Number of protein chains: 2
Amino acid sequence: MTDVKTPTNPLFLREEELRQGIELLFFAYRDFTAEPDAILAEYGFGRAHHRVIYFVGRNPGMTVSDLLTILRITKQSLSRVLGQLVEEGFITQRPGLQDRRQRLLELTEKGTALERQLTERQRARFAGAYRDAGAEAVEGFRKVMLGLIDEADRARFPLRGPGWR
Amino acid sequence: MTDVKTPTNPLFLREEELRQGIELLFFAYRDFTAEPDAILAEYGFGRAHHRVIYFVGRNPGMTVSDLLTILRITKQSLSRVLGQLVEEGFITQRPGLQDRRQRLLELTEKGTALERQLTERQRARFAGAYRDAGAEAVEGFRKVMLGLIDEADRARFPLRGPGWR
DNA sequence: GTCTTTACGTCAGTCATGTTGACATATATC
DNA sequence: GATATATGTCAACATGACTGACGTAAAGAC
């Protein structure tokens, strides 16, 4: 570290700004996951179950391999969690129409209810943050977050067209 | 769900916007932690070690209970990880000056080197995202992220005074 | 109609990281 | 001297990740 850390040194400003970003992400993620975790514990589930429920709710009829791609975990890790959710009636599997090897995943009513209960807290957190920050800040937030995400997954967040606001 | 989901229904827009926020946070965190995780694996360490190294590097001389407050884990969880880092020469402990029960934590040279190696990738990710998004977007990002963080921890991110940009 | 690939599941074992509860020690404080 | 605090430690446990190997059914290629 050869940088001299004084308030007038732009290298220090930059370093400080970058570290604040790192910490914002850490604290936001920590607090963002804490509420759902507490609810999940009542069901004997963990954060991994939440992720599965969330993405299946978001993409009804998605395949197991779609889910593996999103979560970036091994199929063994997924299969335990997914198996529990199917067995306990939160998720259903049905064979694909074109490709019957696939198992298309969907939430049951019970699964939808839990998804809503879990995500509601997180939506409320975002709603508050967006409201307090304002529309312009939300655009900035989106831009920076997209830049943090690996290029391969940015296409999951389409730019909003004229219908959007 | 009684909302009718059409592009002209503001409730749908809001729901979609909130879900995008949730997903941005998930993907950003997933990708943000992946690179350091790979480096840590070479040392036989995990993400928990990174968090300890990061915050001790950021706050030299911090106490164990400071660290517990930030990480929100139990002291047993911390003590295993911290013990390894001390034993392997990445962190030193020395008694507090006023209160000799405390063990003030600091990175050794070895610890500083690892911290830099790990955080460098994350800083680079933020630097790229900030550069592409622009200064105004960064301000928006900060505002929204602060709003996501529990009120108790927002004071960790002081507003920048006139010296700041 | 075989052959290969793909989608998915499963078994066995391991590791990292979190938990609770109880207890120990040194120091600070009233 | 009694109590509270900062820290560490032991034992036991759960979750969720991993690797590697093997199995099955269906799709796709030749």
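Values below: all heavy atoms of this structure, side chains included; hydrogens, waters and symmetry mates excluded. Reminder, nothing fancy here: chain letters follow the sequence lines and each chain counts from 1. What you see is a predicted model; the values in this text were computed from it and never measured.
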> For residues 43-71 of chain A, which residues have at least one heavy atom under 4.0 Å from DNA chain C?
A:Thr63, A:Val64, A:Ser65
> Tell me: CZ of B:Arg94 to C1' of D:dA6, nearest whole Å?
16 Å
> How would you list, by chain and number, every residue that makes a side-chain hydrogen bond (donor to acceptor under 3.5 Å, both in side chains) with B:Gln84, sequence neighbours excluded?
B:His49
> Could you tell me the separation between the CZ atom of B:Arg80 and the P atom of D:dT7, rounded to a whole number of Å?
19 Å
> Decide, yes or no, whether a salt bridge links B:Arg125 with A:Asp150 under the criterion of side-chain N to carboxylate O below 4.0 Å.
yes
> Suppose we call two aromatic rings close when their centres sit under 6.0 Å apart. Are A:Phe90 and A:Phe45 close by that rule?
yes
> Of A:Arg101 and A:Lys75, whose nearest nucleotide on DNA chain C comes first from the 5' end?
A:Arg101
> Between A:Gln76 and B:Gln76, which has a closest nucleotide on DNA chain D that is more 5'?
B:Gln76
> Determine, for A:Arg19 against A:Glu15, whether the closest basic-nitrogen to carboxylate-oxygen distance falls under 4.0 angstrom.
yes
> Please determine whether a side-chain nitrogen of the Lys or Arg among B:Glu115 and B:Arg58 lies less than 4.0 Å from a carboxylate oxygen of the Asp or Glu.
no
> In whole angstrom, what separates B:Leu78's CG from D:dT7's C1'?
10 Å
> Can you give the first and last nucleotides of DNA chain C, 5' to 3', that have an atom under 4.0 Å from a heavy atom of chain A?
C:dT6 to C:dC11
> Could you tell me if the ring centre of B:Phe32 sits under 6.0 Å from that of A:Tyr29?
no
> Side chain to side chain donor-acceptor pair (under 3.5 Å), that's the test. Do A:Asp66 and A:Thr63 meet it? Break it down for me.
CA-CA 5 Å; A:Asp66 288 343; A:Thr63 66; 3.3 Å; yes
> Between A:Gln98 (CD) and D:dA26 (P), how many Å, whole number?
16 Å
> Quick one: do B:Asp37 and B:Arg47 make a salt bridge, cutoff under 4.0 Å?
yes
> Which whole-number value in Å describes the distance from A:Asp99 CG to D:dA25 C1'?
10 Å
> Please tell me which of A:Thr74 and B:Ser79 maps to the more 5' nucleotide of DNA chain D, matching each residue to the nucleotide holding its nearest heavy atom.
B:Ser79
> Are A:Leu104 and A:Tyr54 connected in the hydrophobic side-chain network, where two residues link if heavy atoms are under 4.5 Å apart?
no
> Just how far, in rounded Å, is P of D:dT15 from CD1 of B:Ile73?
19 Å
> Would you say D:dG8 has OP1 or OP2 under 4.0 Å from some side-chain N or O of B:Gln93?
yes
